[in-house]
Amino acid sequence: MAGRGMEVLAPAGGWEALEAAVRAGADAVYLGGQAFGARANAKNFTREELARAVEYCHQRGVRVHVTVNTLLKNAELAPALEFVEYLCTLPVDAVLVQDMGLLALLRQRAPELPLHASTQMSLHSPAGVRLAEELGMARVVLARELSLKEIAAIRAGTEVELEAFVHGALCMSVSGQCLLSAALGGRSGNRGQCAQPCRLAFAAPGGTGHDLSLKDLSFVEGLPRLAEAGVCSAKIEGRMKRPEYVAAAAAACRLAADGEPVPPGLMEQLEAVFSRSGFTDGYLTGCRGREMFGTRRREDVTAATSKVLGQLRGLYRAERQRVPVDMELGLAGGEVLLAVRDREGHQASARAGAAQGAPLAGERAAVQLGKTGGTVFSPGHIQVPEQGVPLSVGELNDLRRRALSGLLALRGNRKAIPFTPLPVEEPQAHACTGEPFLRACFRQAEQIPPQAQACREWVLPVETSLQDLEALGRRGPKILLELPRGLFGGEACLRARMEERMKAGFQDFLCGSLGAFQLCRELGGKAHGSFGLNITNAAGLEAFARLGLLSAEVSPELSGREISGLGGTLPRGVAVYGRQPLMLTRNCPLANARGCLGCKEPGFLTDRKGMRFPVLCREQGRWGAELLNSVPVWLGDLLKGGEGLDFTVLRFSVENSVECGEIFQALSKGVLPQGTYTRGLFRRGVE
């Protein structure tokens, strides 16, 4: 992107939205095929439509990014690779990925293919972006929760391209860290099937009543500030939105990127065509809080009148003259020759026999050649013979049409990206070393009961005091220190804390994000993976193993059968007890009432059925807040020893030490625990 200025990147959920984006001024579009994209419910494109879309865009100088950014199971890796192989034949300009296994396989098979780290990879810290760059990413799509200052800090530490959202829907959860839809309905947001339950009523005391629903982002007029922070591409969310929305957003961003004022009327139309109680820029400006929350009201729906939609269709009714073309008209052997050239080196020509009668004057011929309206071409330098040409106006128009048609065809024809179709190796059954050992995660040291001595490993937050850690370390089990999944500008603080604890002898860390994992690697710590790394296939396990991960808790979206068939060599485990974190958010839903409450005990959100979902934060929200499931998962009686597990995880959050002890006793006796529980996704998996 060097030297091109800010790229306007627009969504295309279908063909009309694609045309709207291109004709309204987008420099690039992102779209998906029929599978493996994070918006499975958009119209999306068949393979034939993809080929047509890539040709259409390339003819107009527009880049095409294709989403292959879902988590993949073992059986899906081969078809996903075959799909990317097809994309390389078109060729597309970039492929967006989330799955670490797919990423590793693509680096082997198509090293020249530009890969972009999807926002689903939860990259929100300099360390995470450094890892993405090390892995060969050409670009990183940053998490939406970052401020301009935090983006600038990331830019200062990496050379990889940075893409940031500038307009569209905001998820309450950090992308890639949401299990709410999967847990409540079996539809995985990590696999493009999100049912958006967060837009329903989840109420905090004194809150809005919809305390998981944010307004849409809009920072269109702030594009110059994004560019100053180091962002090269301004991304518009909305592959499931109507073409009029795409056109309005692309046109507004085009003006802002070009340094032109955005008419207030256009911004009003953009809000009318889709908003949730208006817009917010709270993350980018660092002004988080109650004002960021909003729902889709009746007046938001009715604002998109037929008049507004009709006006917005005018933005993409005609071709945009976006490709400069130079023309040279000459005489050769009794024929008239027109040569046309674009700025990328493509050249085409057309010939016409000389006509009888008076020649067309040179000045008139130049004017006529410059009439490229209705095409994608804008006239550049035009050279004609001084004596004119022996053609009529109609014949010259036809000559120009044929030459430009030939140039347009050449622009849509590009060399394929090399792809080596290596087979995906069938994963070998994982060889366990013995009976799975216990890893117990505690929110605080006071929760640890005497029965926890049965564990091989205890996990405590990295912010646990050194005094407590040293006292616990003398009691037996190895201690792992859990790093926050959300770093959000706190990387330097976390690094210092890790270094302090490593000097005291605590070398093992539990990592739930790529940023935390990379920090551990850079400091020479021993890294173990939690569920937040989203490992769903053997290739992902092996990719993390090559990077130095020592063990991994696999994704809770896998069924028991899928876990047992994972294969690979990296030691793995699953949670057999605990309230699964369903969201990681930077905007605490409990703070809607009076700002940060400094909760010493867990707070709760209540859904429309009266179920209470705990909300926890660490260090008064420094690392974000987590929404937990209303009931804990219990698999203690379902594991039969054939799942290929090296360890099982007990995750304690809202329990006191007595309740923790009871869970240990139930597990040791093989009986069901007291109270309500869920089997999670162990039996059914996800779509």
Side-chain angles (χ1 to χ4, degrees), residues 12 15-29 31 45-64 89-93 247 315-355 359-385 388-416:
W15 187 266
E16 190 179 352
L18 176 75
E19 277 192 333
V22 171
R23 291 182 174 184
D27 299 298
V29 296
L31 46 85
F45 291 75
T46 65
R47 293 197 176 194
E48 294 74 17
E49 290 169 338
L50 279 170
R52 180 181 166 215
V54 171
E55 180 183 42
Y56 174 86
C57 288
H58 285 172
Q59 287 174 339
R60 289 153 180 80
V62 174
R63 295 173 289 281
V64 180
T89 67
L90 299 180
V92 301
D93 297 278
L315 294 173
Y316 61 97
R317 190 164 288 124
E319 285 278 12
R320 187 182 187 89
Q321 291 181 272
R322 56 189 306 150
V323 181
V325 60
D326 297 327
M327 305 183 189
E328 182 177 354
L329 192 62
L331 300 172
E335 290 185 312
V336 180
L337 173 67
L338 176 61
V340 293
R341 304 176 184 84
D342 64 19
R343 304 298 161 82
E344 288 85 52
H346 301 102
Q347 178 174 324
S349 62
R351 296 174 181 270
L360 193 64
E363 184 176 343
R364 176 69 188 282
V367 170
Q368 204 63 33
L369 286 175
K371 293 182 178 180
T372 58
T375 75
V376 303
F377 297 105
S378 62
H381 177 71
I382 298 176
Q383 182 177 338
V384 299
V389 289
L391 292 177
S392 68
V393 170
E395 290 169 328
L396 185 59
N397 287 344
D398 180 67
L399 189 65
R400 181 194 64 224
R401 180 191 59 77
R402 288 188 285 115
L404 292 181
S405 179
L407 183 61
L408 190 68
L410 288 173
R411 289 179 56 83
N413 185 18
R414 297 192 185 183
K415 185 179 179 181

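- Minimum interatomic distance between A416 and T89 (heavy atoms only, all atoms of both residues): CB-CA, 3.9 Å.
- Between V340 and D326 there is no side-chain heavy-atom pair separated by less than 4.5 Å.
- Side-chain atoms of R60 come within 3.5 Å of backbone N or O of Y56 as a donor-acceptor pair.
- A distance-only check finds no donor-acceptor pair linking the side chain of Q321 to the backbone of V376 [under 3.5 Å].
- For the residue pair Q347 and R341, a side-chain donor N or O sits within less than 3.5 Å of a side-chain acceptor on the partner.
- To the nearest 0.5 angstrom, M327 atom CE is 6.5 Å from L338 atom CG.
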- Test side-chain contact (heavy atoms from CB on, under 4.5 Å) on E16 and Y316 and set out the steps. CA-CA 9 Å; E16 190 179 352; Y316 61 97; 3.1 Å; yes
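- For V62 against H58, the heavy-atom pair with the smallest separation is O-CD2, 3.4 Å.
- Closest approach of A12 and L31 over heavy atoms only: O-CB, 3.3 Å.
- Taking CZ of R401 as the start and CG of L408 as the end, the distance is 12.5 Å to the nearest 0.5 Å.
- For the pair R411/F377, a side-chain contact is recorded, criterion being any heavy-atom separation below 4.5 Å from C-beta on.
- Expressed to the nearest 0.5 Å, how far OG1 of T375 lies from CZ of R400 amounts to 8.0 Å.
- Of the possible donor and acceptor atoms, none in the side chain of R414 sits under 3.5 Å from a partner among the backbone N and O of P91.
- Taking every heavy atom of both residues into account, A348 and G406 meet most closely at CB-C, 3.8 Å.
- For the atom pair R320 CZ and L315 CG, the distance stands at 9.5 Å (nearest 0.5 Å).
- Side-chain contact between L369 and P379 is absent, with no heavy-atom pair separated by less than 4.5 Å.
- Minimum heavy-atom separation, G362 to V384: O-CG2, 3.2 Å.
- Put simply, the side chain of R23 never gets that close to the backbone of A247: no donor and acceptor are under 3.5 Å apart.
- Here the straight-line distance linking atom CG of D342 with atom OG of S378 works out to 11.0 Å at 0.5 Å rounding.
- Rounding to the nearest 0.5 Å places CG of L399 at 10.5 Å from CZ of R351.
- Counting heavy atoms from C-beta outward, V393 and R364 have side chains that approach closer than 4.5 Å.
- The shortest heavy-atom contact between A53 and L18 is CB-CD2, 3.7 Å.
- The closest side-chain heavy-atom distance from P385 to L329 is below 4.5 Å.
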